[in-house]
Amino acid sequence: MNREYHRWYSDRLGRDMELLVFGHAGAKVLVFPTRDGRFHEYEDLRLIEALGHKINAGQLQLYCVDSLVWESLYCDWCHPADRIRRHCAFEDYVLNEVLPLMAMKNPHPCTIAHGCSLGAYHAVNIALRHPHLFKKIAAFSGRYDLISI
């Protein structure tokens, strides 16, 4: 199975960001980790292995991004406005750095936003805010009311 590790400095976020790519072709799946997860979560939990037949057959290509949730939505020592600013910077990073990488590597017309738990929130949030960029959402066990954070 094709596995690629990418790391680059994001001016939008002021830090290095990492991601993993699994597969060589197929629908592009933007994978957001759970609240405590990282970009390698799906590999650690053997979900990549479970999807191996679809990945190896060129039906899916997964792009597993890292999270900034402890710098944004769950940063309880930050002012709420600063949390939202950091979350918006993360969204800007995904839209203007990750999605272009995905498009460069794979011309498939279908991009899917996916995540579990808080990753589901991220998937739904970005796909509904930018429906012209996503064809599908696969969100499992998401928390969509963030008022009590």
(request) Measure from the side-chain N and O atoms of H114 to the backbone N and O of A138, and report whether any donor-acceptor pair falls under 3.5 Å. (result) yes
(message) I want to check something: taking the side chain as every heavy atom from C-beta on, are I55 and I48 in contact at a cut-off of under 4.5 Å?
(response) yes
(message) Once you measure the plane-to-plane angle for Y93 and W8, does it fall in the parallel (<30°), tilted (30-60°) or perpendicular (>60°) bin?
(response) tilted
(request) Measure across S10 and M17 and return the closest heavy-atom pair with its distance rounded to 0.1 Å. (result) CB-CG, 4.2 Å
(message) Once rounded to the nearest 0.5 Å, what's the spacing between atom CD1 of I84 and atom OG of S72?
(response) 8.0 Å
(request) Supply the atom-to-atom distance N96 CG to D11 CG, rounded to the nearest 0.5 angstrom. (result) 12.0 Å
(message) Tell me the closest heavy-atom pair linking E4 and N2, and the distance in Å.
(response) OE2-ND2, 3.2 Å
(request) Consider only side-chain heavy atoms of I, L, V, M, F, W and Y, link residues closer than 4.5 Å, and tell whether V21 and V98 are in one cluster. (result) yes
(message) I'd like to know if L45 and L62 are part of one continuous hydrophobic network [Ile/Leu/Val/Met/Phe/Trp/Tyr, side-chain heavy atoms within less than 4.5 Å].
(response) yes
(message) Is there a path of hydrophobic side-chain contacts, each under 4.5 Å between heavy atoms, that joins L19 and M102?
(response) yes
(request) Give the cluster check for V29 versus V124: same hydrophobic cluster or not, with ILVMFWY residues linked at side-chain heavy-atom distances below 4.5 Å. (result) no
(request) Please tell me if the side chains of E43 and F22 come closer than 4.5 Å, counting only heavy atoms from C-beta onward. (result) yes
(request) Give the minimum heavy-atom separation between N56 and H24, together with the two atoms involved. (result) O-CE1, 3.4 Å
(request) Ignoring hydrogens and angles, tell me if any N or O in the side chain of E41 forms a donor-acceptor pair with the backbone of T34 under 3.5 Å. (result) yes
(request) Could you check R12, R85, R86 and say which one makes a salt bridge (charged side-chain N to carboxylate O under 4.0 Å, His left out) with D92? (result) R12
(request) For side-chain contact (heavy atoms from CB on, under 4.5 Å), just list the numbers for W70 and D36, CA-CA rounded to whole Å, side-chain angles, deciding distance to a tenth of an Å, and then say yes or no. (result) CA-CA 9 Å; W70 294 107; D36 291 325; 3.1 Å; yes
(message) With heavy-atom distances below 4.5 Å as the criterion, would you say the side chains of L20 and Y42 are in contact?
(response) no
(message) Using 0.5 Å steps for rounding, measure from the CD1 atom of I137 to the CG atom of L30.
(response) 11.5 Å
(request) Specify the closest pair of heavy atoms between D76 and R83, including all atoms of both residues, with the distance to one decimal. (result) CA-NH2, 3.0 Å
(message) Restricting to non-hydrogen atoms, name the atom on F134 and the atom on H130 that form the minimum distance, rounded to 0.1 Å.
(response) CD1-O, 3.4 Å
(message) Is there a path of hydrophobic side-chain contacts, each under 4.5 Å between heavy atoms, that joins I126 and Y63?
(response) yes
(request) Hey, could you give me the CG/CD distance between N125 and E91, rounded to the nearest 0.5 Å? (result) 6.0 Å
(message) Would the distance check show the side chain of K28 and the main-chain N or O of A103 forming a donor-acceptor pair, the cut-off being under 3.5 Å?
(response) no
(message) Checking side-chain contact (heavy atoms from CB on, under 4.5 Å) between F32 and each of L118, V69, V94, which is the one that passes?
(response) V94
(request) Grab the two heavy atoms, one from V65 and one from P33, that are nearest each other, plus how far apart they are. (result) O-CD, 3.2 Å
(request) Measure the spacing between CG of L95 and SG of C88 and express it to the nearest 0.5 Å. (result) 10.5 Å
(message) With rounding to the nearest 0.5 angstrom, report the CG to SG distance, L47 to C116.
(response) 7.0 Å
